[in-house]
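These numbers come from a predicted model, not from an experiment.
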Number of protein chains: 2
Amino acid sequence: MVQIMTTHDNDAFKPIATVDLAIFSMTPNGLSVLLARRANAPFAGVWALPGGWIHIDIDHDLETAARRVLKEKTGVEMPYLEQLQTVGNANRDPRGWSISVVYVALISSDDLAAGQGARSGEAQWWPIEGNGVDVHLAFDHALLLSDALTRIRKKVEYSTLPAHLLPSRFTLSELQSLYERLLGRKLDKSAFRKRVAEAGFLVPVEGEMRRASNRPAQVFRLKDAQSLVLFDRTL
Amino acid sequence: MVQIMTTHDNDAFKPIATVDLAIFSMTPNGLSVLLARRANAPFAGVWALPGGWIHIDIDHDLETAARRVLKEKTGVEMPYLEQLQTVGNANRDPRGWSISVVYVALISSDDLAAGQGARSGEAQWWPIEGNGVDVHLAFDHALLLSDALTRIRKKVEYSTLPAHLLPSRFTLSELQSLYERLLGRKLDKSAFRKRVAEAGFLVPVEGEMRRASNRPAQVFRLKDAQSLVLFDRTL
DNA sequence: CTAACTTAGTTGACATTTACTACTAAGTAA
DNA sequence: TTACTTAGTAGTAAATGTCAACTAAGTTAG
């Protein structure tokens, strides 16, 4: 969102900038982003990326502020969180110059199922269509969302990032299928297995097997909370 | 640098945040970064990354602000410029909460030679040693510099970024040698040639040859001003 | 009880790419 | 004209990715 330059000499609240979040998860409708309907002007009633002012009295740093907003909107405490970019110019807010630090967050579908999805009635999951959503967004948020999508789609190629969209326990086939959906192309089964094993970011859950009317599959979990590098590239 | 929350109701100058720049170039001492000695408190007299307040009345956007600072310090108008990250917390400035948007800039050694290097006596090129420079830096700038180095070293692997550090005309050997210095390992001559040809970001300058007491080398220039992708990855 | 079915996971042949080495090319300098 | 130096090319071996077939392990139908 956006900044108002009010009179603020010794106020506890001194508007510096906002943090905005592109929060993604896999819903029954596929990859989706959480949007919030704006309560106040400007753009009252219009959908926007969840965000809020940095509260310099309670937020120790930018990431803390982003986590606070995320917690308020979704209840989720430990998402995958990554700074995307910072936008700042004179046009993005009708009230004048404003700065927004944009974060990308990925939420496990476990957390969605636990009723943490969209907490308030004013927040809702929107399925991704192409480079955005099928609704008009406030400010420059359509652009920010498009940038966020570009980032995560690129990162699918060389990181373990998509694993954070799955439940905490999953099979290799489920993971591969997710990669394929995000990449939009089929992957080779044995190559996928091999690379995942080499990267070493998955831990088999001993004894646990996913069973259906066929050969049961080994169940895995992520080794660490944050994303590890799948190949040899970062950023 | 850093933000002071003064009384500013209808001032033209409303401090929002600062932009700080990690400006790199190849000097006779190898990869170097431009540092400025701080004139005022805090950290008066201490070396720091060049930076400055965003002037919302003259800077249309963040990148404009970064280019302005760069122009002031170096005279260079058309560098390679890329947003690195934004830092913001309560501790980085003794005066309290502050936000800085950090950019990485690469300057052609042509521009250095044209006397544009360090304009004022208070700015100076420092050679990179390991993950930083051999001098104490103000604020969290040692950390920011280290992050900037990590970014450009990673990007060497898959982008044409290093070409922006060379003069506008160069030979393949010069480019390869630069990549090798930045990567810290030898590259294969024919493989390098092949990949550069495939990426198609170099244009041979017809007729021009670099001659010494040996076979003359074809001279090249960059196809476009901004960095193209060398392989099939970005970000 | 057994055969058919489905998905998990493995194996191996072939194609493509990369790594390494040696070669030829084109100038200068003695 | 020969030695020297760096530019640029060529060819082979090793590594890696691609593709397709195969075996494994369960459920379900008859």
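- To the nearest angstrom, C1' of D/dA25 lies 16 Å from CG of A/Leu172.
- Reading DNA chain C from its 5' end, the first and the last nucleotide to sit under 4.0 Å from a heavy atom of chain A are C/dT6 to C/dT11.
- Under the side chain to side chain contact (heavy atoms under 4.5 Å, CB included) rule, A/Pro79 has a single partner from A/Leu21, A/Leu70, A/Ile23, which is A/Leu70.
- In this structure, the separation between CE on B/Met26 and CG on B/Leu178 is 5.0 Å, given to the nearest 0.5 Å.
- Computed from coordinates, the A/Gln218 CD to D/dG26 C1' distance equals 15 Å when rounded to whole Å.
- Using a 4.0 Å heavy-atom cutoff across all strands shown, B/Ala191 reaches no nucleic acid atom at all.
- Taking the side chain as every heavy atom from C-beta outward, A/Leu202 and A/Lys223 never approach each other to under 4.5 Å.
- Annotation: B/Phe220 is not in aromatic contact with B/Phe170 [ring centroid separation under 6.0 Å not met].
- Contacts of B/Thr171 with the nucleic acid, taken as non-hydrogen atoms under 4.0 Å apart, are absent.
- Evaluation of the salt bridge (charged side-chain N to carboxylate O under 4.0 Å, His left out) test over residues 26-36 of chain A, restricted to residues two or more places apart or in two chains, returns none.
- Taking a 4.0 Å limit (strictly below) on heavy-atom distances, residues 180-190 of chain A reaches DNA chain D at A/Asp188, A/Ser190.
- A/Glu77 pairs by the salt bridge (Lys or Arg N to Asp or Glu O under 4.0 Å) definition with A/Lys71, not counting sequence neighbours.
- Salt-bridge annotation for B/Glu122 and B/Arg38: absent, with no side-chain N of the basic residue lying under 4.0 Å from a carboxylate O of the acidic one.
- The closest side-chain heavy-atom distance from B/Ile152 to B/Leu161 is below 4.5 Å.
- Within the structure, the salt bridge (charged side-chain N to carboxylate O under 4.0 Å, His left out) test picks out the following pairs touching residues 170-182 of chain B (sequence neighbours left out): B/Glu174-B/Arg210, B/Glu180-B/Lys186.
- Between A/Arg215 atom CZ and D/dA25 atom P there is a gap of 5 Å when expressed in whole angstrom units.
- Counting to the nearest Å, the P atom of D/dA10 and the CZ atom of B/Arg193 are 11 Å from each other.
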What protein N or O atoms touch nucleotides 27-29 of chain D N or O atoms at under 3.5 angstrom, if any, and at what distances?
none

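- Looking at heavy atoms from C-beta onward, B/Trp47 lies out of side-chain contact with B/His141 at the 4.5 angstrom threshold.
- Looking only at side-chain heavy atoms (C-beta outward), A/Gln124 and A/Leu34 stay at 4.5 Å or farther from each other.
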